[in-house]
Participant: 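Here you go, one structure.
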Number of protein chains: 2
Amino acid sequence: MSSASKPEPQRSVTLATFLPYRLNVLATVVSGGLGRIYGERFGIGIPEWRVLATIGEFKRITAKAIGQHSEMGKVKISRAAASLEERGFIQREANVDDLREMFLTLTPAGQSVYDEIVPLALNYAAQLTADLSPDEEATFGMLLDRLLARARKEFDGSEP
Amino acid sequence: MSSASKPEPQRSVTLATFLPYRLNVLATVVSGGLGRIYGERFGIGIPEWRVLATIGEFKRITAKAIGQHSEMGKVKISRAAASLEERGFIQREANVDDLREMFLTLTPAGQSVYDEIVPLALNYAAQLTADLSPDEEATFGMLLDRLLARARKEFDGSEP
DNA sequence: TATTGTTATACTCTATAACTATA
DNA sequence: TATAGTTATAGAGTATAACAATA
């Protein structure tokens, strides 16, 4: 037998190597950088950006469906949508088949803002991964998805 | 020549594949799960956990040094430290060589809480990566570091 | 003058529940 | 009864600046 008797349980957490911490730091820095792009130029925050991006992607969509595609609860979406409507970036129209629902669409002004943000956001994401080879980028994305799936199973603190 | 003339610039952002969004979602779910561990049992939040963890790691450290090791500004640290002191988890003692500074240390109660949290936190992190091979885990960590380095260079929205 | 740390203020984000109107 | 969405409220977290004490 080797000198390794029992693996010593670790008695401290090294923050710098602790995955939840590092993920949080990276996400914060990345979100902050991206937030400047749409925050400074268009005065919108993360929830508003997500709603705008989801409508931009699906063109005509209910708040509930936005929630399913953007990891946000109905409260956050409702407020973000109200704020975007105030600024004239989106419109609401009732769904005649179910009057509880409202379809959200971009106004021309909203489409224009969206069209301005998209290349900036894509460029930002591209800059972020500029040091990675395409393979590394794909690997990172794949591992990220697996971690996310695991985290959801393990414990999903997300909104109902 | 092939039919590929110019690569079409992308006209929309697909949220589900957009890296800043995915990082944010993963970090939020992971932070939320971990936050339950120290939140529900010990009534502390993320800034308090980071301060506790940093003191636990370095044993005796100033607020400024905590800031350098934990990505937090002095204001957040000051408040987290005040809260931890109120609960009797940490102590402050002046640095006689520079009275502007205060060394922070864990009290026996704080050490005991820390000793309870450490294995829970390590286990949480281990569960998170349970689906990854050691190689994959190392690769993910390496890529995460490179992304973080790039994000900081590209734009560091962190506190001064 | 510059630095460590605290306090004040205001703003964003989040979580919960109560409410409405429709189904 | 259940669902889509809104409103109310309170709690975290964050950013900024102003401040006190010390260097």
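Proteins get letters first, then strands, A, B, ... in listed order; numbering begins at 1 in each. Any value given below was found using the heavy atoms of this structure, including those in side chains, with hydrogens, waters and symmetry copies removed. Keep in mind it's a predicted model, so treat the numbers as computed, not measured.
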Participant: Rounded off to whole Å, could you give me the NZ-to-C1' distance for the A/K76 and C/dT12 pair?
Facilitator: 11 Å
Participant: Tell me whether A/R146 is salt-bridged to B/D131, with the criterion being a basic N under 4.0 Å from an acidic carboxylate O.
Facilitator: no
Participant: Can you check the B/M72 CE to D/dT16 C1' distance for me, whole Å?
Facilitator: 18 Å
Participant: A/K74 side chain N/O closer than 4.0 Å to the phosphate oxygens (OP1, OP2) of D/dG5?
Facilitator: no
Participant: Compute whether any side-chain donor of one residue and acceptor of the other, for B/D135 and B/T139, lie under 3.5 angstrom apart.
Facilitator: no
Participant: Hey, does the side-chain of A/R36 have a donor or acceptor N/O within less than 3.5 Å of a partner on the base of D/dA15?
Facilitator: no
Participant: As an exercise, state the distance from OH of B/Y21 to CD1 of A/I46, rounded to the nearest 0.5 Å.
Facilitator: 12.0 Å
Participant: Nearest whole Å is fine: how far is D/dA12 P from A/N24 CG?
Facilitator: 18 Å
Participant: Separation of B/M102 atom CE from D/dA23 atom P, in whole Å?
Facilitator: 13 Å
Participant: Taking DNA chain D as the partner, which of residues 81-100 of chain B come within under 4.0 angstrom of it by heavy atom?
Facilitator: B/D98, B/L99, B/R100
Participant: Over how many whole Å does the gap from A/E71 atom CD to C/dC13 atom C1' extend?
Facilitator: 16 Å
Participant: Check the distance between D/dA12's P and B/Y38's OH and give it to me in whole angstrom.
Facilitator: 13 Å
Participant: Identify which nucleotide among C/dC13, D/dT16, D/dT9 has an atom closest to any side-chain atom of A/R79, counting heavy atoms from C-beta outward.
Facilitator: D/dT9
Participant: Closest approach of B/Y114 and A/R11, non-hydrogen atoms and distance?
Facilitator: CE2-O, 3.8 Å
Participant: Looking only at the side chains, is there a donor atom on one of A/S83 and A/R79 sitting less than 3.5 Å from an acceptor on the other?
Facilitator: no
Participant: Let me know the distance between CD of B/E40 and C1' of C/dA15, rounded to the nearest Å.
Facilitator: 14 Å
Participant: For C/dT4, take OP1 and OP2 only and decide whether either is under 4.0 Å from a side-chain N or O of B/K64.
Facilitator: yes
Participant: For B/I77, answer base if it contacts any base atom (sugar-phosphate contacts may also be present), sugar-phosphate if it contacts only those atoms, and nothing otherwise; contact means non-hydrogen atoms under 4.0 Å.
Facilitator: nothing
Participant: Just checking, any donor-acceptor pair under 3.5 angstrom between side chains of A/E57 and B/S12?
Facilitator: no
Participant: With sequence neighbours excluded, what pairs up with A/E116 under the salt bridge (Lys or Arg N to Asp or Glu O under 4.0 Å) test?
Facilitator: none
Participant: Atom CD of B/E101 and atom P of D/dT22: how far apart are they, to the nearest Å?
Facilitator: 13 Å
